[in-house]
Amino acid sequence: MKKDGFKCVITGENFDHVHHIYGFNRILQETIKAENLPIRPIIGDYTQDELDRLAKRCLEIHFKHGLGACLTKEKHEKFHKIYSYNIYTSDDFEKFLKEERMGK
């Protein structure tokens with residue numbers, strides 16, 4: 001938020017959302033894989049030690065992929081309407097950013 005001056009990187013208006021340029025679902029998948037834990041249906045099924053390991057690893061992976069970008073709710077929803085919530089890349093975001101700034 002500080003990096004973007006607390007403004008949407010497209011409109012310059014006050015932002016509502018922080019967009020993960022590297023999808024948070026991918027961060028979670030990497031976290032589970034790195035910790036070699038099964039996916040359990042209920043979070044309470046994990047031990048406190050497992051939860052602590054997951055939290056620590058998730059933050060490491062999250063910061064490895066860099067900061068997000070401040071967006072208005074409208075722009076964030078538009079991005080995900082075009083590129084989905086599950087499979088998108090940083091290149092997709094750069095393309096979206098360029099096109100939105102050009103008014104396309």
Next item on the list: Evaluate side chain to side chain donor-acceptor pair (under 3.5 Å) for Asn25 paired with Gln29, printing each intermediate quantity in order.
Entry: CA-CA 6 Å; Asn25 61 320; Gln29 290 169 354; 5.2 Å; no
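- Counting non-hydrogen atoms of other residues, nucleotides and ligands closer than 6.0 Å to NZ of Lys95 gives a total of 12 or fewer.
- One finds the CD1 atom of Ile82 at 7.5 Å from the CD atom of Glu99 (value rounded to the nearest 0.5 Å).
- Between the CD1 atom of Ile39 and the CD1 atom of Ile32 there is a distance of 5.5 Å, given to the nearest 0.5 Å.
- We find that Glu100 and Lys75 are joined by a salt bridge, their nearest charged nitrogen and carboxylate oxygen being less than 4.0 Å apart.
- Residue-environment remark: CG (Asp45) exceeds the threshold of 12 foreign heavy atoms within 6.0 Å.
- Between atom NE2 of residue His19 and atom SG of residue Cys8 there is a gap of 11.5 Å, rounded to the nearest 0.5 Å.
- Note that the OG1 atom of Thr72 and the NZ atom of Lys78 stand 10.0 Å from one another [nearest 0.5 Å].
- Partner of Asp4 under the side-chain contact (heavy atoms from CB on, under 4.5 Å) criterion, chosen from Val9, Leu67, Val18: Val9.
- When side chains are defined from C-beta on, Arg26 does not count as touching His20, because their heavy atoms never get closer than 4.5 Å.
- Aromatic rings of Tyr83 and Phe93 (six-membered ring for Trp) have centroids beyond the 6.0 Å cut-off, not under it.
- Inter-residue side-chain proximity for Lys56 and Asp52 is flagged as unmet; no heavy-atom pair is nearer than 4.5 Å.
- Atom CD of Glu30 and atom CZ of Arg57 lie 10.5 Å apart (nearest 0.5 Å).
- Between Ile10 and Leu71 the shortest side-chain heavy-atom distance falls below 4.5 Å.
- If you run ring-ring contact (aromatic ring centres under 6.0 Å, His included) between His80 and each of Phe96, Tyr85, Phe24, only Tyr85 comes through.
- Side-chain contact between His76 and Phe15: absent, with no pair of heavy atoms (C-beta onward) separated by less than 4.5 Å.
- Under the 30°/60° scheme for interplanar angles, the aromatic rings of Tyr22 and His65 are found to lie parallel.
- Put simply, the side chain of Glu94 reaches to within 4.5 Å of the side chain of Leu97, judged on heavy atoms.
- Atom CG of Leu51 is separated from atom CG of Leu37 by 9.5 Å, given to the nearest 0.5 angstrom.
- A salt bridge links Glu50 to Arg40: at least one charged side-chain nitrogen sits closer than 4.0 Å to a carboxylate oxygen.
- Closest non-hydrogen pair, Thr31 versus Cys58, comes out as OG1-CA, 3.3 Å.
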